There are 2 protein chains.
Amino acid sequence: MISSKDVAKRAGVSQPTVSRVLNNPESVKPEKRNKVLQAMEELGYYPNLIARSLVTNSTRTIALISGTLKNGFFAETTDSIIHIAKQKGYKTIVYFEDENEDEITDYWDSIMGHKVDGILLSLIRLDDPNLKKLVNSQIPCVFFNRRPRNESNFVVLDNVMAASLLTQHLLDLGHQRIAYISGKTDVSTFNERKLGFEETMQQSKIKQIPELIHFINTSNDEIDQLIPKLIHRAEPPTAIICATDAMALICIDIVMSMGLRIPEDISIAGIDDTRMASHQAFQLTTVGHQKLAMGEIAALNLIEMIEESSAQEPLRQIILKPELVIRKTTAHLVK
Amino acid sequence: MISSKDVAKRAGVSQPTVSRVLNNPESVKPEKRNKVLQAMEELGYYPNLIARSLVTNSTRTIALISGTLKNGFFAETTDSIIHIAKQKGYKTIVYFEDENEDEITDYWDSIMGHKVDGILLSLIRLDDPNLKKLVNSQIPCVFFNRRPRNESNFVVLDNVMAASLLTQHLLDLGHQRIAYISGKTDVSTFNERKLGFEETMQQSKIKQIPELIHFINTSNDEIDQLIPKLIHRAEPPTAIICATDAMALICIDIVMSMGLRIPEDISIAGIDDTRMASHQAFQLTTVGHQKLAMGEIAALNLIEMIEESSAQEPLRQIILKPELVIRKTTAHLVK
DNA sequence: CTGAAAGCGCTAACAT
DNA sequence: ATGTTAGCGCTTTCAG
């Protein structure tokens with residue numbers, strides 16, 4: 001491996017001078033500087049960032065701990081986070097949710113050991129046993145989409161309102177037997193969306209039907225099983241609210257394969273307003289927010305925190321205002 | 001920052017003993033070992049992987065340089081690559097294609113400087129000026145999906161055959177005015193798929209119509225502009241072959257928004273067999289391959305290479321056999 | 001403006 | 001079995 005020592009030797013200067021050419025070029029006489037640059041070129045030298053990190057105590061690296069890419073929402077946030085990070089001069093190490101084990105425990109040694117400059121974290125539960133370690137670590141951290149119960153920096157949608165808007169929309173369309181399908185409520189997102197749904201249903205004085213309300217794994221399998229059961233009920237739901245667009249797309253897949261038409265036979269809606277929701281093949285009614293993407297906002301805030309080295313200072317808590325996007329998968333109840 | 005020195009002091013041992021407890025626990029007497037482990041626990045110690053890398057010359061990190069996540073194909077490969085890597089004990093640093101600048105130049109310093117153990121690379125052109133540097137670097141490298149013209153390790157689809165199968169399928173359905181929409185042919189994938197299309201058309205003795213054949217940017221904008229032009233021709237195509245599923249989905253979006261029915265008014269097909277292709281809302285006819293996903297194969301091979309430290313040895317060149325998946329977006333030409 | 005010397009936190013060789 | 005010493009490649013004093 002070619003080191004700054006090799007470059008120094010070839011250029012006939014001392015090793016620290018090579019370092020200076022890299023970090024503070026003006027501080028070295030043009031003549032020598034050019035010699036050094038030439039030597040670098042000739043040897044194909046790349047400064048060892050590992051070694052640099054060891055002394056500067058900064059890795060220019062952030063860790064992203066995200067939900068699965070199978071969910072379009074996380075594909076979009078991951079995309080924008082990595083782009084923003086790169087633009088600001090940071091590398092991104094990515095960790096994804098594991099089907100089996102949705103704890104961050106597994107990644108912890110890697111993240112802590114790698115001395116990342118900051119952490120962007122979606123994979124957290126409301127009362128997460130790992131949170132304490134995270135706080136102790138003193139590493140700047142921003143949650144996005146999901147957040148823990150305790151104080152923290154986060155960027156989330158106003159999920160209560162999001163679910164509420166959607167529920168009200170369906171009620172306005174005359175639906176009463178509304179199914180609600182969601183992930184487990186030990187994460188903030190699903191917990192809050194559930195609250196929004198329940199509140200709005202209660203206000204409308206329409207009785208909720210417990211058999212139509214399910215909190216399950218968000219992967220295909222469980223949804224695959226659930227939907228047919230709902231549809232085959234004596235009194236099937238006339239509308240299904242899915243707590244995420246990703247679930248809604250799976251839901252649509254199954255409903256269509258059962259030969260039902262959307263929205264003529266059944267209305268379906270999601271939350272997140274992912275890219276795919278606006279596709280003509282879906283035209284999914286959903287709730288999202290305009291402005292910058294959530295990942296972008298989270299990344300920008302994290303990087304600000306890193307560069308001001310204000311890990312704690314004023315808490316950054318950003319709640320994005322949701323907006324109902326009515327498309328073609330929801331319609332008036334005819335009957 | 002808590003270092004092994006601190007742990008050593010607290011446990012009343014020398015610093016290297018702490019290191020031994022980490023790397024070779026059996027070599028240290030149980031009594032001392034437990035003292036050390038306890039001290040680690042109490043102090044909340046995490047070994048500094050950066051420092052370790054500097055001396056072991058191994059980062060347990062691979063770099064993934066991928067096409068954009070907006071393309072479902074790359075979302076799927078990224079997902080499986082990161083999972084496989086994690087499973088094998090490797091972290092993944094991710095770099096994505098930049099809209100503006102599709103060269104890896106930008107990432108180069110970061111990748112080379114970070115001394116990754118291996119590189120998984122899709123973002124390469126047939127004659128890529130960066131290739132030489134890559135080879136010089138001696139870092140194990142596997143290309144997937146795309147490959148350079150020169151000798152290298154790669155995992156790709158037999159793209160000529162893939163396009164050929166699809167073209168033949170449409171010819172068999174009676175189509176003659178077939179449009180072909182693809183990315184630029186300076187990347188192997190698009191170049192080979194083009195060859196497959198052309199060969200098959202020539203064999204059938206049906207004349208290709210140059211105005212229906214386009215090599216453009218794969219992002220929405222250019223496709224958005226192109227499709228209406230094609231549709232509004234005096235003699236519009238009766239079928240459109242898109243060189244990727246991602247392009248096909250965009251294409252379908254536009255065609256549907258123009259009020260055409262698929263496949264009654266126009267047949268559309270893609271290549272890659274991405275997850276979304278099988279969704280009931282699309283039922284896209286496409287070409288893919290069964291067995292393990294491409295990303296998985298590439299990652300497994302790369303890691304093997306790393307662990308055998310056989311950067312060059314026998315070249316690993318894996319060409320996956322394509323399989324035509326006929327769904328519902330292609331149909332017999334009526335009229 | 002530049003060289004010499006020290007040290008980041010760890011592992012590896014060498015003693016004991 | 002364990003402590004001592006050296007050194008990975010870099011940045012950072014400190015002299016001069």
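Because only heavy atoms are used, hydrogens play no part in the values below, and waters and symmetry mates are left out as well, while side chains stay in. This is a predicted model, so every value here is computed, not measured. Here is the naming used below: chain letters follow the sequence lines, and residue numbers restart at 1 for every chain.
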Exercise for the section: May I have the distance from N57(A) (atom CG) to dG9(C) (atom P), rounded to whole angstrom? Expected result: 7 Å
Exercise for the section: Hey, could you give me the CG/NE2 distance between N48(B) and H114(A), rounded to the nearest 0.5 Å? Expected result: 9.5 Å
Handout entry: Contacts of E76(B) that satisfy salt bridge (Lys or Arg N to Asp or Glu O under 4.0 Å) - sequence neighbours left out
Key = none
Exercise for the section: Output, in order, the C-alpha distance, side-chain angles, deciding distance and verdict of salt bridge (charged side-chain N to carboxylate O under 4.0 Å, His left out) for D79(B) and K70(A). Expected result: CA-CA 8 Å; D79(B) 189 41; K70(A) 295 184 181 72; 2.8 Å; yes
Completion exercise
If each end axis of the helix from dC1(C)-dG16(D) to dT16(C)-dA1(D) is fitted on five C1' pair positions, the angle between them, to 10 degrees, is 40°
Problem - Bounds of contact between DNA chain D and chain A, in 5' to 3' order, using a heavy-atom cut-off under 4.0 Å - result: dG9(D) to dT12(D)
Fill in the blank from the handout: Nearest-nucleotide check on DNA chain D, K32(B) vs A51(B); residue mapping nearer the 5' end is K32(B)
Exercise for the section: Mark yes or no for whether E97(A), through its side chain, and T68(A), through its backbone, hold a donor-acceptor pair below 3.5 Å. Expected result: yes
Problem - Short N-O contact, E151(A) and R316(A), less than 4.0 angstrom - result: no
Handout entry: Carboxylate-amine/guanidinium proximity below 4.0 Å for K88(B) and E296(B)
Key = no
Practice task
Kindly state which residues belonging to residues 39-50 of chain A come within less than 4.0 angstrom of DNA chain C, counting heavy atoms of the residue only, listed by number.
Solution key: none
Exercise for the section: Could you identify which residues of residues 2-29 of chain B place a heavy atom less than 4.0 Å from some atom of DNA chain C, listed by residue number, or say none? Expected result: S3(B), S4(B), Q15(B), P16(B), S19(B), R20(B), N23(B)
May I have the list of side-chain donor-acceptor pairs in residues 25-36 of chain B shorter than 3.5 Å, sequence neighbours left out?
| residue | atom | partner | partner atom | Å |
| --- | --- | --- | --- | --- |
| S27(B) | OG | N24(B) | O | 2.8 |
| R33(B) | NH1 | P25(B) | O | 3.1 |
| N34(B) | ND2 | P30(B) | O | 3.2 |

